[in-house]
Number of protein chains: 2
Amino acid sequence: MPATIRDVARASGVHISTVSRTFSAPHLVNPETRGRVLACAEELGYRPNRAARALITGRTHNIGLIIADIANPFFPPLIKAAESQARQRDYHVFVADTNEDPVAEEELVHALAKQVDGVLLCSPRMSNSLIEQLSREVPLVVINRQVAGLPCVTMDVGQGARAAIEHLTGLGHRRVALLSGPRGSWTSREIRRAAGVAARAAGAELTVLGPNAPTETGGGALAEQVRRSEVTAVLAYNDLMAIGLIEELDAIGLRVPQDVSVVGIDDITLSRLTRPKLTTVATPTAAAGRTAVDMLLQHDAVAARGSRGGGRSGASDDRRTTAQVMLQTELVIRDSTAAVPADGRPRPEAGSVTPGPHRLAGPGRPTATTGGVVAS
Amino acid sequence: MPATIRDVARASGVHISTVSRTFSAPHLVNPETRGRVLACAEELGYRPNRAARALITGRTHNIGLIIADIANPFFPPLIKAAESQARQRDYHVFVADTNEDPVAEEELVHALAKQVDGVLLCSPRMSNSLIEQLSREVPLVVINRQVAGLPCVTMDVGQGARAAIEHLTGLGHRRVALLSGPRGSWTSREIRRAAGVAARAAGAELTVLGPNAPTETGGGALAEQVRRSEVTAVLAYNDLMAIGLIEELDAIGLRVPQDVSVVGIDDITLSRLTRPKLTTVATPTAAAGRTAVDMLLQHDAVAARGSRGGGRSGASDDRRTTAQVMLQTELVIRDSTAAVPADGRPRPEAGSVTPGPHRLAGPGRPTATTGGVVAS
DNA sequence: TTGAAAGCGCTAACAT
DNA sequence: ATGTTAGCGCTTTCAA
């Protein structure tokens with residue numbers, strides 16, 4: 001049975017309100033008294049009960065992090081960064097997995113709402129209007145998607161896709177396939193749009209394949225279509241699909257990058273460890289996690305100042321401060337892309353030379369990414 | 001401002017205690033009244049405030065999951081499974097990352113203690129005695145380690161290591177290196193012990209290298225030592241180290257499996273995607289997560305029944321029910337192991353043939369692993 | 001600078 | 001079957 005504020009009060013011979021102040025407003029209590037109280041608290045192993053505190057202050061010092069699929073290697077770095085950032089600010093993090101299910105997503109927001117000061121919605125599958133509606137119940141920061149009027153953190157995959165297509169056309173490719181991601185995914189739409197524009201600008205033809213599940217299996221399942229489409233290069237929705245595709249391409253006799261070049265998106269750890277190493281668009285996922293937490297907590301601080309006596313205001317009306325941040329991406333050139341084969345298409349024997357790995361810009365995976373900020 | 005129990009009471013014309021009962025003991029309230037209350041609650045979007053409820057019942061319906069490193073691919077499947085299992089039982093999960101730091105670990109248990117009904121300690125780095133002490137503050141289930149008197153979920157890496165060594169000696173290897181993991185890791189000790197026994201039994205020589213960080217870098221850093229030690233096979237503490245080692249071995253001119261065979265442990269997703277595909281000991285991490293949650297919640301249910309009026313009893317004295325579960329592991333043979341080279345050691349040209357992938361037993365990664373149960 | 005009192009949202013005896 | 005009452009651990013006016 002843990003010590004309560006009353007135990008400490010008794011032990012140090014003061015009223016409980018003095019103990020309370022010692023922890024929540026130390027400057028309001030006599031240094032001497034404070035010392036005594038602190039000593040007793042220490043002695044008894046007392047820690048304020050956050051839940052009880054939340055009941056009256058309206059701030060739980062918890063946040064919720066809702067993830068589409070924890071086991072997808074894209075997410076763990078984001079979760080880790082978000083948790084770390086939150087804890088540094090003395091917040092604890094509920095993590096929940098929706099299994100890509102929009103219904104679970106909504107239910108989770110409701111269930112968590114009372115226990116948190118805000119929710120980070122990562123790669124949401126639900127509709128914009130539902131997100132807006134939920135944001136009136138609890139402050140929301142949306143990750144990997146833009147919703148008008150709500151704070152969002154996205155990564156500039158459009159710019160990344162453009163860089164990828166330019167890299168490919170620069171290598172002489174004129175027929176490129178795009179493996180599209182989940183229907184309704186903001187990221188997928190962005191990629192498609194930008195890739196289309198870039199291909200047109202370079203006079204290349206872009207064939208859209210899919211959509212398919214954003215997994216190795218989903219990518220692998222498109223290998224046959226890739227072969228039939230007679231493209232010489234592929235841009236995949238993400239690294240997992242790219243890697244699955246490469247595997248399957250290999251199985252049907254097409255070599256990467258000799259016969260087909262493949263570019264992924266995300267730069268998950270895995271992409272450095274496959275053979276060939278994957279050329280990919282690095283997305284700053286850790287930075288996204290940190291940024292989202294910062295945005296939420298800043299928002300939270302504002303709300304705390306504004307409302308007295310435990311009011312929970314939701315996104316309310318301070319829309320003026322609602323920022324939308326887009327983080328920069330970076331093309332990382334490794335071994336899965338090469339110059340277009342001389343005869344233009346699949347050959348049984350290996351063809352051109354594999355280029356040594358090098359990078360387009362920057363010294364490595366951006367750890368402190370500067371984001372292009374777009375105020376809404 | 002979310003609806004409270006009072007709003008519902010007013011709207012449905014009953015006392016708040018009736019509303020309370022409608023949610024926490026529905027059978028005690030007249031079906032008709034219940035219907036009316038439920039309707040009003042629905043109407044108002046009322047949801048019981050768990051924190052307030054916890055204050056009086058002593059049950060938060062939250063659990064804590066403390067992880068050494070979320071970004072380590074070993075953990076996400078465990079986190080996912082634990083969260084899923086917990087939520088199915090109407091529990092929410094705090095996830096926290098310690099960065100492998102024992103101090104952070106302890107701090108986290110303290111900080112979370114008041115907000116959860118129990119904590120899952122995954123791969124703890126702190127001392128046994130400290131774990132025992134903390135278990136008096138909040139119910140604990142230990143994962144990946146055995147602590148006397150506490151509920152633990154482990155995987156039988158000893159058996160796995162033995163199978164790996166037998167596989168290797170069966171292929172003719174007589175000089176085997178063991179890449180040891182973090183000092184003080186229970187898993188690492190188990191592996192070392194079992195591998196030693198198995199090697200001795202087969203008349204093989206076991207050289208222990210390390211300990212080193214359980215990462216690709218840590219594994220890669222040992223490549224030179226592996227070469228100098230003149231072994232023909234290596235068992236690594238985990239897949240990450242195995243993969244890093246293979247990369248680095250490749251860089252210094254040793255081919256896997258032609259020159260050196262390498263076996264990992266864990267069977268992370270990655271191990272199926274590298275070239276060569278990794279032979280490894282599959283550990284049922286998802287099952288471990290589920291099992292740990294079940295053990296904690298069962299414990300919790302017992303405690304709830306035992307203590308009246310919101311007492312938190314810690315592990316207290318019902319040690320008799322404290323089970324220690326060990327989950328079975330399974331050797332998965334892929335492409336990183338082969339018969340020992342004819343001349344016994346490193347050759348510039350590729351040597352023996354790569355065996356086709358096949359499995360020792362079972363149809364795949366054990367999804368529903370049966371655990372050998374050891375009561376303590 | 002400290003104490004007294006009220007109350008956050010809810011549950012759990014005890015009455016009725 | 002429902003209402004009354006007390007109070008979980010804490011913060012926050014308001015007075016002293």
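Just so we're clear, the structure is a prediction, and the values are computed from it rather than from any experiment.
To the nearest angstrom, P of C/dT11 lies 11 Å from CG of B/L55. When rounded to the nearest whole Å, the span between NE2 of A/H15 and C1' of D/dG9 equals 13 Å. Between A/I5 atom CD1 and D/dT12 atom C1' there is a gap of 12 Å when expressed in whole angstrom units. Rounded to whole Å, the distance from CD1 on B/I16 to P on C/dC10 is 9 Å. The distance from atom CZ of B/R53 to atom P of C/dC8 is 18 Å, rounded to the nearest whole Å. The separation between B/D7 atom CG and C/dC10 atom P is 9 Å, rounded to whole Å. For the pair B/N49 CG and C/dG7 P, the interatomic distance rounds to 19 Å; values are reported in whole Å. Rounded to an integer number of Å, the gap from CZ of B/R34 to C1' of D/dT2 is 14 Å.
A donor-acceptor contact under 3.5 Å links the side chain of B/R21 to the base of D/dG3.
The residue B/V14 sits close only to the backbone: its heavy atoms come under 4.0 Å of sugar-phosphate atoms, none of a base. Among the heavy atoms of the strands lying under 4.0 Å from A/Y46 are primed sugar atoms or P, OP1, OP2 only; no base atom is included.
Note that CG of A/L108 is 10.5 Å distant from CD1 of A/I67, once rounded to the nearest 0.5 Å.
Closest to the side chain of B/N30, from the set D/dT2, C/dT11, D/dC10, is D/dT2.
Dashed line: the shortest gap from a side-chain N or O of A/S17 to OP1 or OP2 of D/dT12 is not under 4.0 Å. For the pair A/T57 and D/dT12, the criterion of a side-chain N or O lying under 4.0 Å from OP1 or OP2 is not met. Within the structure, every side-chain polar atom (N or O) of B/S20 is placed at least 4.0 Å from both OP1 and OP2 of C/dG9. In this structure, A/R6 reaches the D/dC8 phosphate: one of its side-chain N or O atoms is under 4.0 Å from OP1 or OP2. OP1 and OP2 of D/dC8 both lie 4.0 Å or more from every side-chain N or O belonging to A/T4.
Between A/I16 and A/R10 the shortest side-chain heavy-atom distance does not fall below 4.5 Å.
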- Task: Using the side-chain contact (heavy atoms from CB on, under 4.5 Å) rule, take A/R145 and A/N128 through it: C-alpha gap first, then chi angles, then the decisive distance, then the call.
- Result: CA-CA 10 Å; A/R145 174 154 162 182; A/N128 269 8; 2.8 Å; yes
- List the steps, then state whether side-chain contact (heavy atoms from CB on, under 4.5 Å) holds for A/S123 with A/F75. CA-CA 10 Å; A/S123 302; A/F75 294 108; 3.6 Å; yes
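Of the listed residues (B/I143, B/V325, B/V142, B/L120), just one forms a side-chain contact (heavy atoms from CB on, under 4.5 Å) with B/M295, and that residue is B/V325.
Within a 6.0 Å radius of CD in B/E43, no more than 12 heavy atoms belonging to other residues, nucleotides or ligands are found.
Taking the screw axis at each terminus of the helix from C/dT1-D/dA16 to C/dT16-D/dA1 from five consecutive base pairs, the angle between the two is 30° to within rounding of 10 degrees.
Each of B/A52 and B/P31 has a nearest nucleotide on DNA chain D; the 5'-most of these lies closest to B/P31.
Evaluation of the side chain to side chain donor-acceptor pair (under 3.5 Å) test over residues 81-103 of chain B, restricted to residues two or more places apart or in two chains, returns A/K80-B/D97, A/K80-B/N99, A/Q115-B/H92, B/R50-B/D90, B/E83-B/R87, B/Q85-B/D294, B/R89-B/D294, B/Y91-B/D300, B/E100-B/R125.
Using modelled atom types, no side-chain atom of A/T18 and backbone atom of A/V14 make a donor-acceptor pair closer than 3.5 Å.
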